[in-house]
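A short write-up of the structure that comes next.
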Number of protein chains: 2
Amino acid sequence: MLKGSSLYKEVALLKNYLTKNRLKLTQQRETILEAFLRVDHITAEELYREISKKKRQRMGLATIYRTLNLLCEIGIGQQRHFDENRTIFDNVLHKKHHDHLICNKCDKIIEFESPAIERLQEEMAARHGFTLNNHRLELYGHCLDWKKCRDWQKSADR
Amino acid sequence: MLKGSSLYKEVALLKNYLTKNRLKLTQQRETILEAFLRVDHITAEELYREISKKKRQRMGLATIYRTLNLLCEIGIGQQRHFDENRTIFDNVLHKKHHDHLICNKCDKIIEFESPAIERLQEEMAARHGFTLNNHRLELYGHCLDWKKCRDWQKSADR
DNA sequence: CTGTATTTTGAGAATCAGAATCAATATCAA
DNA sequence: TTGATATTGATTCTGATTCTCAAAATACAG
């Protein structure tokens, strides 16, 4: 999804933010934005390899990190820290708030939302005299259908 | 809480696990267990400083990490990764499963449980063809009562 | 268009939590 | 007590991420 779709809006968003903050629109930033919008979620390292492969231009890993963090500030991305130690950058531009279901076997990540759960969370917070800013809900388990699990693992998307 | 209370049961639990796995009950392991049971949650570094202060014995940081992980295997502790990058070891021996409510202002951590939320989680997982192993739910926000928030911050417990 | 001030880049060094190494030491079971 | 085995602590290593800084790119005033 989002193969040839126009990036006008996204680039405009980035450009706007940059201008507003007296920052510069560089080729690297555009390349990274473009690649990032193409995926659902990705690590800095993965994105680095992805871009290096199509060596359209030299690109430092530090730049990837810097730009990914920039995109998070703009609101296009969001950092996630699942069980491991590396940061996953989630492309949330076209998504509503959502929680995650993670397969321990094949690392599949499913996004879901549950207004019912959110409601209960608010209730819980109120009971303890808290005002909520945000939350994190991650469900860990495994796919019931082991074959699908394996198939997904093999899919190019990984 | 749990000041002079006997550690018989806990030491027995540890001893049992060690024997079963042909491991050894060392002074360090006992010291760490004892210190760990005294707190609700703590980082390896904090526990290290805590024990070094009462320099009853020399103790390497590596040993703290190793033993803390051992306690997690036994089930006395559980790792938590809140927003930061360091691991918090949660003493769960006398606790049921619980989730966390975290104040962004004063770092207060409140533990709670909600069977209703758990039920909805199971339902959600089933809907996506998943069997759940465990989950993580963290609510971030701030105490409504800023004064209490500050007071808690100052309390010796921190 | 051009010069210049300013920001960004890339390569590698720095960090930082945590894990691995390994010789010296402690534990345990006979 | 002994000897096999596990553990310790000091240190080094690792891997992800950030920092540094000279060189390059960009924006913008003229």
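Small disclaimer: the values here were computed from a predicted structure and weren't measured.
Using a 4.0 Å heavy-atom distance criterion, N21(B) is classed as making no nucleic acid contact. Among the heavy atoms of the strands, none lies under 4.0 Å from T43(B). R66(B) comes within contact range of at least one nucleobase, with a heavy-atom separation under 4.0 Å.
Note on ring orientation: taking the six-membered ring where Trp is involved, the planes of F112(A) and H128(B) are tilted (angle from 30° to 60°).
Dashed line: the shortest gap from a side-chain N or O of N69(A) to OP1 or OP2 of dT18(D) is under 4.0 Å. Of the side-chain N and O atoms in T87(A), one or more sit less than 4.0 angstrom from OP1 or OP2 of dT17(D). Using a 4.0 Å cut-off, some side-chain N or O of Q28(B) falls inside it from OP1 or OP2 of dG9(D).
Listed nucleotides: dA11(C), dA10(D), dT8(C). Nearest to the side chain of R58(A): dA11(C). Here the nucleotide nearest the side chain of T26(B), chosen from dT9(C), dT17(D), dT27(C), is dT27(C). When each of dT8(C), dG18(C), dA11(C) is scored by its nearest atom to the side-chain atoms of R29(A), the top-ranked nucleotide is dT8(C). Closest to the K24(A) side chain, of the nucleotides dA20(C), dA25(D), dA26(C), is dA25(D). Distance from the side chain of L25(B) is smallest to dC28(C) among dC28(C), dC19(D), dG18(C).
For the pair L18(A) CG and dT26(D) C1', the interatomic distance rounds to 12 Å; values are reported in whole Å. Atom P of nucleotide dG9(D) and atom CD of Q27(B) are separated by 10 Å, given to the nearest angstrom. Straight-line distance from the OH atom of Y65(A) to the P atom of dA14(C): 19 Å, rounded to whole Å. The distance between atom CG of L68(A) and atom C1' of dT18(D), rounded to the nearest whole Å, is 14 Å. In this structure, I64(A) places its CD1 atom 17 Å from P of dC19(D), rounding to the nearest Å. Rounding to whole angstrom units, CG of residue L14(A) and P of dT8(C) are separated by 11 Å. If you measure from atom CG of L23(A) to atom P of dA5(C), you get 20 Å, rounded to the nearest angstrom. Counting to the nearest Å, the C1' atom of dA11(C) and the CE atom of M59(A) are 15 Å from each other.
The backbone N or O of L33(A) lies less than 3.5 Å from no partner atom in the side chain of R38(A), so there is not a single donor-acceptor pair.
Look at R49(A) and E45(A) and you find no salt bridge, because none of the NZ, NE, NH1 or NH2 atoms lies under 4.0 Å from a carboxylate O. A salt bridge links E123(B) with R127(B); the closest basic N to acidic carboxylate O contact falls under 4.0 Å.
Nearest-nucleotide positions on DNA chain C for E45(B) and K15(B) put E45(B) closer to the 5' end.
A side-chain N or O of Q121(B) and one of H135(B) form a donor-acceptor pair less than 3.5 Å apart.
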